[in-house]
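This report refers to the structure that appears directly beneath it.
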Number of protein chains: 2
Amino acid sequence: MDENLALRDQVCFALYSASRAVTGVYRPLLDELGLTYPQFLVLLALWERDGRTVSEIGTALRLDSGTLSPLLKRLEGAGLVDRRRAAADERQVTVHLTDAGSDLRERARTVPARVAEAAGLTTDQLRELRDVLTTLTDNLKG
Amino acid sequence: MDENLALRDQVCFALYSASRAVTGVYRPLLDELGLTYPQFLVLLALWERDGRTVSEIGTALRLDSGTLSPLLKRLEGAGLVDRRRAAADERQVTVHLTDAGSDLRERARTVPARVAEAAGLTTDQLRELRDVLTTLTDNLKG
DNA sequence: CCCAATTAAGTTGTGCACAATCTAATCGGC
DNA sequence: GCCGATTAGATTGTGCACAACTTAATTGGG
């Protein structure tokens, strides 16, 4: 069959569609925390290591300052982080969790498990999926 | 380990990141055709079956009218489709490829193969990935 | 037959993504 | 120690996504 453009055969569409579906499952759960999905990812990065610069967060999440600057401003407006010019290098801005931002971690702890349950895949399938996706991303952006 | 919030362990992040990486590989290729990635998906749907209504396209792509209406208006502005109120039911709008829109299919034919090559996965791995993602999406969205 | 409920598409408002550009701080070569 | 090049972050502009709402056409129960 010379047809290589069938929509349902495209890996790109499966990926795009699955990504939006997963975000859609997160949305009502994160809504309870007053977060969007990308904001949640930024907090995951900060809960792992606080006080990162904007570009360190960008490297971890593969997002640029055009996306992060306004997002961080909204997190600051929500009282979850604050931003300070680094003393050593005034070009850099370090992002620090506030007490409210740190405390949110407890409330967020159950979120991934609730999403994993809705996914209907086994833990093994999820790990394998994650590894293939990570390989794919590394091949493309590496 | 009681930590279940590490960024690199999250399937959601792997998915989100891979989806953006794939879109990023498509971008320069689609740029040559004057298309964005979602516009390309709409054209894939129309190349498969022309004259669909807005909501049929929305079902195929899992997108709502809030996304599709302005997107279709831009495709119409680019001269690739036209939109007509259905005679049988004036609420519906059917979307039809113009000659330019049909012709673009030839130029787009090689795009998926070029992306697949950049992905660095075997055809089998890609098919398996696609199937897991489709299962995941179906589980989440029903 | 009529009208309340439903349906299709469009509009509005918010928040990403990302390219392109801008400003300010720092670095490196001389 | 100066100045061109680089780097960090912010800004601007375009185009998705999606919730909430609006408008207009259709349907179905009484």
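Owing to the predicted nature of the structure, the values given are computational and were not obtained by experimental measurement. Naming: A, B, ... by sequence-line order, numbering from 1 per chain.
- Side-chain polar atoms of T98(A) and H96(A) form no donor-acceptor pair below 3.5 angstrom.
- Atom C1' of nucleotide dA24(C) and atom CD of Q92(A) are separated by 13 Å, given to the nearest angstrom.
- Between Y37(A) and Y16(B), the two ring planes are perpendicular [angle over 60°; tilted spans 30° to 60°].
- Residue L71(B) is in sugar-phosphate contact alone, with no base atom involved, counting any heavy-atom pair closer than 4.0 Å across all strands shown.
- Ring geometry for Y26(B) versus F40(B): interplanar angle of 30 to 60°, hence tilted.
- The distance between atom CD of E56(B) and atom P of dT7(C), rounded to the nearest whole Å, is 16 Å.
- Scanning DNA chain D 5' to 3' for nucleotides with an atom closer than 4.0 angstrom to a non-hydrogen atom of chain A gives a first and last hit of dT7(D) to dA19(D).
- Each of R91(A) and D64(A) lies near DNA chain C, and the nucleotide nearest D64(A) is the one positioned closer to the 5' end.
- By the 4.0 Å N-to-carboxylate-O rule, E48(A) lies close enough to R8(B) to be salt-bridged with it.
- Of the residues near DNA chain D, T36(B) and L72(A), the one whose nearest nucleotide (by heavy atom distance) lies more toward the 5' end is L72(A).
- In summary, D82(B) and R84(B) engage in a salt bridge, as defined by a charged side-chain N under 4.0 Å from a carboxylate O.
- Spacing between atom NZ of K73(B) and atom P of dG10(C) amounts to 7 Å, rounded to whole angstrom units.
- A straight line from CG of L68(A) to P of dC18(C) spans 11 Å, rounded to a whole angstrom.
- Residue contacts for S69(A): at a heavy-atom cut-off of 4.0 Å it reaches a base atom on one of the strands shown.
- Residue V81(B) forms a side chain to side chain contact (heavy atoms under 4.5 Å, CB included) with just one option from L75(B), D50(B), V42(B), and that option is L75(B).
- The residue A86(B) sits apart from the nucleic acid: no heavy atom pair falls under 4.0 Å.
- Looking at heavy-atom distances under 4.0 Å, T23(B) makes no contact with the nucleic acid at all.
- Per the geometry, CG belonging to D89(B) stands 17 Å off P belonging to dT6(C), to the nearest Å.
- Side-chain contact between V132(A) and Q125(B): absent, with no pair of heavy atoms (C-beta onward) separated by less than 4.5 Å.
- Distance, L63(B) CG to dA8(C) C1': 16 Å, rounded to whole Å.
- Backbone-only contact: S55(B) has heavy atoms under 4.0 Å from sugar-phosphate atoms and none from a base.
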